[in-house]
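A short write-up of the structure that comes next.
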Amino acid sequence: MRDWLAHSGWPLVLVACASLAVVLVFVRGLRPAVFWDTESFLAFARGLRTWDLPPLGLRTPGYPAFLIFAGGEHLSLDRVMAAQLLLWICTNCLLCLLLYRLTGSTAVAILVTLPALLLFDALFMAVTLYSETLALCTVTAASLATVTVFQTRRTGLAAATAALLWTGACLVRPIFLAALGAFLAVLVVAAALRVLAVRAVLPALVLPVLLLGSYAGYNYQRARAFQLAVGNGLSLLNYVGHHEIYERLPDSQSVTRRVFEALAREKSSPIAWWDSLHPLQDEMGAGDLDLVAGDLLARQTALRAIRAVPGGYATVWWRTITAFLTEYNVVFGFFETQDATAPQAAAKTTRLSIVWKVERFWRMVFGVVAIGCLLVPMLLLVAQLHSYRWRAFLPGPEAWAITTLYVVFWAVVLANTLNEPWPGQSRYRLPLEHLELGLLVASIVLLARGFRSTARSTLAG
């Protein structure tokens, strides 16, 4: 890798210049976009700037800290938007490096990265004051570091770096606790099989526990909740808001069924937690609960309902994971506010038709990408395990790197969809998009290379 950067760094220069050109063409004149969650991030940042953390709530400190760093003393939205666009450019370079690390091919790295610059959902999300751009960059960097763990002699440093990056992703979006857990689990298995030295793995296991445990412990002191943020129960309550569940609740949960049926007469289904939580508290005689206690009540209510109607939960989950993996929409950033009634004025040019046409293309592609990300790496690993000559099909480091990324990706997909059925799944998938493309393309290349190598070995034998 170092030699490649020293003597052939032109691919990164090409990707960076092409990314800058895309920014100048499609983002020029756009204003920082403010959507539903923006104010909660800004409020957290204002408190963090004066060391006055807000009460434990739905946000973690990762993105608010970035807002302070990028926005300066007055939290300039224009400066934050510029910093996020720079992050987007860096993320594209990281994707190029990730593809090269996995395949060893400069051509593959360039030919995949350049079309990925037209993932306009990621580009315009960088215009939006949301955490997805920071999460996308952190996850892509963590994926690159993860691959490096199995390809370098400095395993301890690479493993610790990857663990810290996955920890950083958790502080930006708590759902990446699933990614961190999956990564650490693979390290433990690799150490048990003596693929990695135990002493090299230990720092990577300890550092995330210390960092995240310290913050969760601080939250426990001030709110009696050993968590990075609340919201797991509230998100799960959204499942109950689907008629497939609340309409089929047994008489033992008549209070919950009655609350949701009453709300359904006033609001369209599905019913969000912010509409159902207070009526549930009133009907259950719980009184006016704070967010932490409300989250606990929501979790208990949701789990009882899901256990009572597992078929309804499975139906909604299947619809959710399908949307998560296949939906593709350009909304955030292209529109300036959550009204999303018309694109920003500066976007109403020929850029508009280009964005819509490219959006239609990616809508067709992502369904194929999702199926490919499930089947191709699995086929690659099965072929590796059943190869007549061990390691003849695929070198060990590449096999472990693909396995780890595969486990990490699907751990996050399952954690996200099993807990959160709310619309907007393409936004929730966005931090995984570069990892998803890298995993699929690398698996296809390595699978073809492995079959070719095995065929040659067979003919030579």
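- When every heavy atom of Y328 is checked against every heavy atom of R363, the shortest pair comes out as O-NE, 3.0 Å.
- Heavy atoms only, all atoms of each residue included: M125 and Q84 are closest at O-NE2, 3.9 Å.
- A donor-acceptor pair under 3.5 Å links the side-chain atoms of Y63 to the main chain of Y130, judged by distance alone.
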Taking distance alone, no hydrogens or angles, what donor-acceptor pairs closer than 3.5 Å link side-chain atoms of residues 174-187 to residues at least two apart or in another chain?
none

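- At distances below 3.5 Å, not a single donor-acceptor pair connects side-chain atoms of Y313 with backbone N or O atoms of I245.
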Handout entry: Chi angles and distances behind the side-chain contact (heavy atoms from CB on, under 4.5 Å) call for T161, L165
Key = CA-CA 6 Å; T161 301; L165 285 167; 4.1 Å; yes

Practice task
Take I68 and F44 through the side-chain contact (heavy atoms from CB on, under 4.5 Å) test and state the conclusion after the steps.
Solution key: CA-CA 10 Å; I68 295 172; F44 196 122; over 6 Å; no

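- Using a distance-only test at 3.5 Å, with no hydrogens or angles considered, a donor-acceptor pair links the side chain of E359 to the main chain of V330.
- Considering every non-hydrogen atom in both A160 and A204, the closest pair reads N-CB, 4.0 Å.
- At least one donor-acceptor pair closer than 3.5 Å links the side chain of T60 to the backbone N or O of L171.
- Within a 6.0 Å sphere centred on CZ of R222, heavy atoms belonging to other residues, nucleotides or ligands number more than 12.
- Residues Y428 and F324 keep their aromatic ring centres 6.0 Å or farther apart.
- The ring-ring contact (aromatic ring centres under 6.0 Å, His included) search around W51 returns none, not counting sequence neighbours.
- Within the 4.5 Å cutoff, no side-chain heavy atoms of L67 are placed close to those of L48.
- In this structure, the separation between CG on L95 and SG on C90 is 13.0 Å, given to the nearest 0.5 Å.
- One finds a salt bridge joining R46 and E39 here, because a Lys/Arg side-chain nitrogen approaches an Asp/Glu carboxylate oxygen to under 4.0 Å.
- Under the 4.5 Å side-chain criterion, counting only non-hydrogen atoms from C-beta, W88 is in contact with V22.
- Note that the CZ atom of F41 and the CG atom of L58 stand 9.5 Å from one another [nearest 0.5 Å].
- No hydrogens or angles considered: nothing links the side chains of D295 and N232 as a donor-acceptor pair under 3.5 Å.
- Here the side chains of T38 and L77 are not in contact, with every heavy-atom distance at 4.5 Å or above.
- For N419 against Y239, the heavy-atom pair with the smallest separation is C-CE1, 4.1 Å.
- In terms of modelled atom types and a separation under 3.5 Å, the side chain of T152 and the main chain of V149 share no donor-acceptor contact.
- Residue R299 comes nearest to Q227 through the heavy atom pair NH2-NE2, 3.9 Å, listed as atom of the first residue, atom of the second, then distance.
- Salt-bridge check for R248 with E244: failed, with every basic side-chain N at 4.0 Å or more from each acidic carboxylate O.
- R449 has no carboxylate O lying under 4.0 Å from a charged side-chain N of E398, or vice versa, which leaves the two without a salt bridge.
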Practice task
Would you sort out whether W410 and V413 count as a side-chain contact (heavy atoms from CB on, under 4.5 Å), showing the intermediate values?
Solution key: CA-CA 5 Å; W410 286 104; V413 170; 3.9 Å; yes

Practice task
Go through the steps to decide whether W422 and S235 satisfy the test side chain to side chain donor-acceptor pair (under 3.5 Å), and finish with yes or no.
Solution key: CA-CA 8 Å; W422 200 246; S235 295; over 6 Å; no

Please tabulate, for side-chain N and O atoms in residues 430-439, each donor-acceptor pair with protein atoms closer than 3.5 Å (sequence neighbours left out).
unit_1 : atom_1 : unit_2 : atom_2 : d
E433   : OE2    : R429   : NH2    : 3.0
H434   : NE2    : N92    : OD1    : 3.3

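- V316 has its side chain within reach of T320: a pair of non-hydrogen atoms, C-beta onward, lies under 4.5 Å apart.
- Between F124 and T128, every side-chain heavy-atom pair lies at or beyond the 4.5 Å cut-off.
- Separating the CG atom in L380 from the CD1 atom in I444 is a distance of 10.5 Å, to the nearest 0.5 Å.
- Between the side chains of R304 and Q253, not a single donor N or O lies within less than 3.5 Å of an accepting N or O.
- We find the OG1-CG distance between T417 and L325 to be 7.5 Å, quoted to the nearest 0.5 Å.
- Distance alone, capped at 3.5 Å, places no donor-acceptor pair between the D121 side chain and the N329 backbone.
- A heavy-atom distance below 4.5 Å is found between the side chains of L405 and L102.
- Using a 4.5 Å heavy-atom threshold, the side chains of R224 and V292 count as separate.
- Among all heavy-atom pairs drawn from P115 and W362, the shortest one is O-CZ2, 3.5 Å.
- The structure places CG of L134 at 11.0 Å from CZ of F69, a figure rounded to the nearest 0.5 Å.
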Exercise for the section: Go through the steps to decide whether R49 and L75 satisfy the test side-chain contact (heavy atoms from CB on, under 4.5 Å), and finish with yes or no. Expected result: CA-CA 10 Å; R49 190 177 54 194; L75 294 179; 3.7 Å; yes

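- To the nearest 0.5 angstrom, T155 atom OG1 is 6.0 Å from L196 atom CG.
- Checked by atom type, the side-chain pair W166/T146 shows a donor-acceptor distance below 3.5 Å.
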